[in-house]
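Working notes, structure below.
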Amino acid sequence: MKLDLSFYQHPEVTRVAKALLGKVLFTQVGGQTTSGMIVEVEAYSHIEKGCHAYGNKVTGRNKVMFLEGGHCYVYLCYGIHHLFNVVTSKAGVGDAVLIRALEPGQGLDVMMERIGATSPRRITSGPGKLTRAMGIDRGLNGTLLSGPDVWIGDGIKVGKGAILADARIGIDYAGKDAKLPWRFSIKGNEWVSK
DNA sequence: TAGAGGATTGAT
DNA sequence: TCAATCCTCTAC
């Protein structure tokens with residue numbers, strides 16, 4: 001069951017980020033269907049420096065972030081890794097949630113083959129790896145999560161007490177905004193990134 | 001048009 | 001701790 005696009009259009013990006021924990025991300029790429037439960041996310045809002053949309057600056061790369069909630073924002077980092085984000089809020093705002101880790105579900109053998117792993121352990125534990133495992137690349141940038149290629153479905157319910165909030169990773173350049181506790185994960189889940 | 005740097009990862 | 005690796009943004 002795909003989530004309704006209104007799910008993503010809530011004005012508080014941190015609330016959508018927490019609500020995404022326990023949901024299941026599906027992709028259908030190259031005729032192969034893969035899925036994984038979301039266990040770790042980070043929220044990014046246009047009001048803070050860690051975000052590509054900071055200062056309402058629209059560029060060729062980040063323009064997808066200013067579409068309405070429910071779009072995919074996929075971009076290349078360090079020339080090597082694709083990172084997968086879900087745009088939230090209304091059109092013109094510039095908020096998004098980065099998916100950092102999944103617990104593998106359907107299509108395990110396909111994901112292992114894409115990573116080149118022989119064991120399912122840690123094949124989706126990190127934002128760059130999960131996109132490779134799921135077959136996500138920039139061809140999906142700007143697509144809608146209600147489409148046939150990538151979507152998010154209902155999963156398990158994660159209670160407030162089971163959510164761990166921490167500082168985000170790899171954005172030291174953002175100054176004090178780097179300390180915002182906007183990384184959310186499912187407490188004790190073994191698939192969370194290290 | 002050139003130069004710098006990045007929401008990462010895996011090897012040293 | 002550091003290199004891989006290339007796209008994006010900024011400054012000239």
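Only this structure's heavy atoms are used, side chains among them; waters, hydrogens and symmetry mates stay out. Labels below follow one simple rule: chain letters A, B, ... track the order of the sequence lines, proteins then strands, and each chain is numbered from 1. Source: prediction; values computed, not measured.
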Separation of B:dT9 atom C1' from A:Ile123 atom CD1, nearest Å, is 16 Å

Does B:dT8 have its OP1 or OP2 closer than 4.0 Å to a side-chain nitrogen or oxygen of A:Arg100?
yes

Presence of donor-acceptor pair under 3.5 Å, side chain of A:His52 and base of B:dA7
yes

A:Arg138 side chain N/O closer than 4.0 Å to the phosphate oxygens (OP1, OP2) of C:dT8?
yes

Closest to the 5' end of DNA chain C, once A:Gly60 and A:Gly79 are matched to their nearest nucleotides, is A:Gly79

Which nucleotide sits closest to the side chain of A:Pro127: B:dT9, C:dT5, B:dA7?
B:dT9

Close side-chain approach of A:Arg168 and A:Leu98, heavy atoms under 4.5 Å:
no

Output the rounded distance in Å from NZ (A:Lys49) to C1' (B:dG5).
18 Å

Whole Å only: how far is the OH atom of A:Tyr78 from the P atom of C:dC7?
17 Å

Does the plane of the ring in A:His52 sit parallel, tilted or perpendicular to the ring in A:Tyr73? Use 30° and 60° as the thresholds.
perpendicular

DNA chain B: 5'-proximal contact among A:Lys129 and A:Ile171 (nearest heavy atom)
A:Ile171

Base, sugar-phosphate, or nothing: which does A:Lys57 touch, judged by heavy atoms less than 4.0 Å apart?
sugar-phosphate

Please report the distance, rounded to the nearest Å, between NZ in A:Lys63 and P in C:dC7.
16 Å

Touch class at under 4.0 angstrom, heavy-atom based, for A:Arg168 against every strand present
nothing

When all nucleic acid strands are considered with a 4.0 Å heavy-atom cut-off, which category describes A:Arg183: base, sugar-phosphate, or nothing?
nothing

For A:Gly170, answer base if it contacts any base atom (sugar-phosphate contacts may also be present), sugar-phosphate if it contacts only those atoms, and nothing otherwise; contact means non-hydrogen atoms under 4.0 Å.
sugar-phosphate

Base, sugar-phosphate alone, or nothing: which one does A:Leu76 contact when heavy atoms must sit under 4.0 Å apart?
sugar-phosphate

Rounded to the nearest angstrom, tell me the gap between atom CD in A:Glu42 and atom C1' in B:dT8.
12 Å

For A:Leu98 and B:dG6, what is the distance between atoms CG and C1' respectively, to the nearest whole Å?
13 Å

Taking the six-membered ring for Trp, does A:Tyr44 stack with B:dA7 (centroid gap under 5.5 Å, planes within less than 30°)?
yes

For A:His82 and C:dC6, what is the distance between atoms NE2 and C1' respectively, to the nearest whole Å?
11 Å

Could you state the atom-to-atom distance from NE2 of A:His81 to C1' of B:dG6 in whole Å?
11 Å

Per the side-chain contact (heavy atoms from CB on, under 4.5 Å) rule, which among A:Arg121, A:Glu103, A:Arg122 passes with A:Glu190?
A:Arg121

Please round to the nearest 0.5 Å and tell me the distance separating atom CG of A:Asp177 and atom OH of A:Tyr54.
7.0 Å

Check: residues 6-22 of chain A side-chain donor-acceptor pairs under 3.5 Å, at least two apart:
{"residue": "A:Ser6", "atom": "OG", "partner": "A:Asp4", "partner atom": "OD2", "Å": "2.8"}
{"residue": "A:Gln9", "atom": "NE2", "partner": "A:Gly69", "partner atom": "O", "Å": "3.1"}
{"residue": "A:His10", "atom": "ND1", "partner": "A:Glu12", "partner atom": "N", "Å": "3.0"}

Return each pair, listed once, that meets ring pair (Phe, Tyr, Trp, His ring centres under 6.0 Å) where at least one residue sits in residues 88-111 of chain A; pairs must be two or more places apart or across chains.
none

Within a strict 4.5 Å, meaning less than it, do heavy atoms of the A:Phe26 and A:Lys2 side chains meet?
no

Hey, does the side chain of A:Tyr173 come within less than 4.0 Å of B:dA7's phosphate (OP1/OP2), counting only N and O?
yes

Heavy-atom check, side chain of A:Met134 versus side chain of A:Phe84, under 4.5 Å
no

Which helical stems does DNA chain C take part in, if a stem means at least 3 consecutive Watson-Crick or G-U pairs with both distances below 3.5 Å?
B:1-6 with C:6-11, B:8-11 with C:1-4

